[in-house]
Undergrad: 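Submitted below is the structure of interest, expressed as structure tokens.
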Amino acid sequence: MDESDLLATLAPRLRQFTAVARTEHMTHAAEAIDVPQSTLSRGIARLEHDLGVALFVRTGRAMRLTRAGRTLLRHAERAVAELDAAAREIDADADAVRGRVALGFLHTFGAEAVPRLLREFRRTHPDVRFDLAQGGNDAILERLRAGEVDLCVTSPPPPDPGLVTAPMYEQELRLVVPAEHPLAVRRDGLPLAAAATAQFVGYRPGFGLRSLTEAWCREAGFVPRMAFEGEDGETLRGLVGAGLGVALLAPSAHRTPGTVELPVTAPRTARMVGLVWVADRPAGPAVRVFRDFLRRSGPALLAGR
């Protein structure tokens, strides 16, 4: 019997075998797993026949393990324990009250917006567990397609017919400049073209805000000169404060020393933030409940209203 045949033989009978091995009694084992004794007896006999070895020595009503039986029990108990754990986890994940949700989101939402979402949701669903994945737009969408996350909060919405996007809210991006920069005096706003000669700090390629920044700059008639590329908005904001360049960034509740945020009058620098999921992938109850919550309450919570 090769390995695949052995697995096919053992898998459906492990619980029967371990029950008899633990109780060393056919009647007690049948009662423990709630099957007729005759069914259990035939199952053990068939298992021994298929394996070609005796697993038990029968002395009256007692059952004693052979050496082969002890070997099988050592591995079978681990296998049954793993299967039991899997069943419990699947059952929990299918429960809307205590299931699991894998959420992907952009770095720009990690400091305030996503914690605010989860805090509010957990007021009514405290036992739902979250697996969180933070990254650039391309990376988290790839994880969504691969089934590693259930939902993504991202921008810009992907033009992918295999994905569903529910618009959440529109976020205005500001031009962040060093406090001593000549542009800093224009507090009422300025066209993006005014920053054409400035150096920029920005997100790496693959981040949604990088592609938007490049598109807005092209619309303003120039290509941004990148002095630094990073993955974290607060790091970029700090580098602007250090005088390394200017940046188009989402508004922050925390003022970074040495920086000024300026409204952009042209082109309109606003991005749509959307909730994204795979169109034809079944979602568990917890995911559906959280998705409904996001569609209902997410726009205000993400925007900090």
Side-chain angles (χ1 to χ4, degrees), residues 104-114 133-144 152-160 169-274 276 302:
F105 55 93
L106 299 178
H107 284 279
T108 48
F109 301 130
E112 299 169 11
V114 168
Q134 189 177 29
N137 187 53
D138 291 355
I140 61 172
L141 288 175
E142 187 58 34
R143 297 187 70 172
L144 177 68
C152 285
V153 177
T154 191
S155 181
D160 185 336
Y169 82 108
E170 195 172 68
Q171 183 184 57
E172 179 190 2
L173 282 300
R174 301 277 182 101
L175 184 68
V176 184
V177 303
E180 303 302 321
H181 196 280
L183 295 176
V185 298
R186 304 178 67 168
R187 301 297 177 94
D188 292 337
L190 75 174
L192 188 56
T197 60
Q199 285 192 321
F200 276 70
V201 296
Y203 288 91
R204 298 182 187 278
F207 283 71
L209 196 47
R210 172 60 179 267
S211 60
L212 288 174
T213 295
E214 291 177 340
W216 289 326
C217 289
R218 283 196 304 270
E219 190 174 347
F222 69 98
V223 175
R225 295 182 296 116
M226 288 292 173
F228 177 82
E229 298 173 335
E231 299 181 354
D232 178 72
E234 293 309 307
T235 298
L236 298 178
R237 200 177 295 272
L239 293 176
V240 171
L244 194 61
V246 304
L248 280 166
L249 297 174
S252 174
H254 306 289
R255 185 180 180 279
T256 300
T259 66
V260 175
E261 292 189 2
L262 306 173
V264 177
T265 58
R268 187 166 181 268
T269 54
R271 63 175 179 175
M272 178 56 66
V273 178
V276 186
L302 284 169

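FYI, side chains are in, hydrogens and waters are out, and symmetry mates aren't considered; it's all heavy atoms of this structure.
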Undergrad: State, to 0.1 Å, how close F207 and G135 come at their nearest heavy-atom pair, and which atoms those are.
TA: CE2-C, 4.2 Å
Undergrad: Taking the side chain as every heavy atom from C-beta outward, state whether V246 and P178 have any pair of such atoms under 4.5 Å apart.
TA: yes
Undergrad: According to the side-chain hydrogen bond (donor to acceptor under 3.5 Å, both in side chains) rule, which pairs have a member within residues 181-194, sequence neighbours left out?
TA: none
Undergrad: Atom CD1 in I140, atom CG in L106: separation rounded to 0.5 Å?
TA: 4.5 Å
Undergrad: Does the R174 side chain pair with the main chain of L249, one donor and one acceptor, at a distance under 3.5 Å?
TA: no
Undergrad: Is the shortest side-chain heavy-atom distance between F228 and L236 below 4.5 Å?
TA: yes
Undergrad: Can you tell me which residue pairs pass the side-chain hydrogen bond (donor to acceptor under 3.5 Å, both in side chains) test with a partner in residues 211-221, sequence neighbours excluded?
TA: R210-E214
Undergrad: Which pairs of donor and acceptor atoms, one on a side chain in residues 259-272, lie under 3.5 Å apart (sequence neighbours left out)?
TA:
from: T259; atom 1: OG1; to: T256; atom 2: O; distance (Å): 2.7
from: E261; atom 1: OE2; to: R237; atom 2: NH1; distance (Å): 2.6
from: T265; atom 1: OG1; to: L190; atom 2: O; distance (Å): 3.3
from: R268; atom 1: NH1; to: E170; atom 2: OE1; distance (Å): 3.2
from: R268; atom 1: NH1; to: E170; atom 2: OE2; distance (Å): 3.2
from: R268; atom 1: NH2; to: E170; atom 2: OE1; distance (Å): 2.4
from: T269; atom 1: OG1; to: L173; atom 2: O; distance (Å): 2.9
from: R271; atom 1: NE; to: Q171; atom 2: OE1; distance (Å): 2.8
from: R271; atom 1: NH2; to: T108; atom 2: OG1; distance (Å): 3.1
from: R271; atom 1: NH2; to: Q171; atom 2: OE1; distance (Å): 2.8

Undergrad: List the atom of V276, the atom of P158, and the distance in Å for their closest heavy-atom pair.
TA: CG2-CD, 3.9 Å
Undergrad: Rounded at 0.5 Å granularity, tell me how far OH in Y203 sits from CD in E229.
TA: 13.0 Å
Undergrad: Do N137 and P156 come within less than 4.5 Å of each other through their side chains, counting heavy atoms only?
TA: yes
Undergrad: Under a 4.5 Å cut-off applied to non-hydrogen side-chain atoms, are L192 and L248 in contact?
TA: yes
Undergrad: Report yes if some heavy atom in the side chain of V153 is under 4.5 Å from a heavy atom in the side chain of V114; otherwise report no.
TA: no
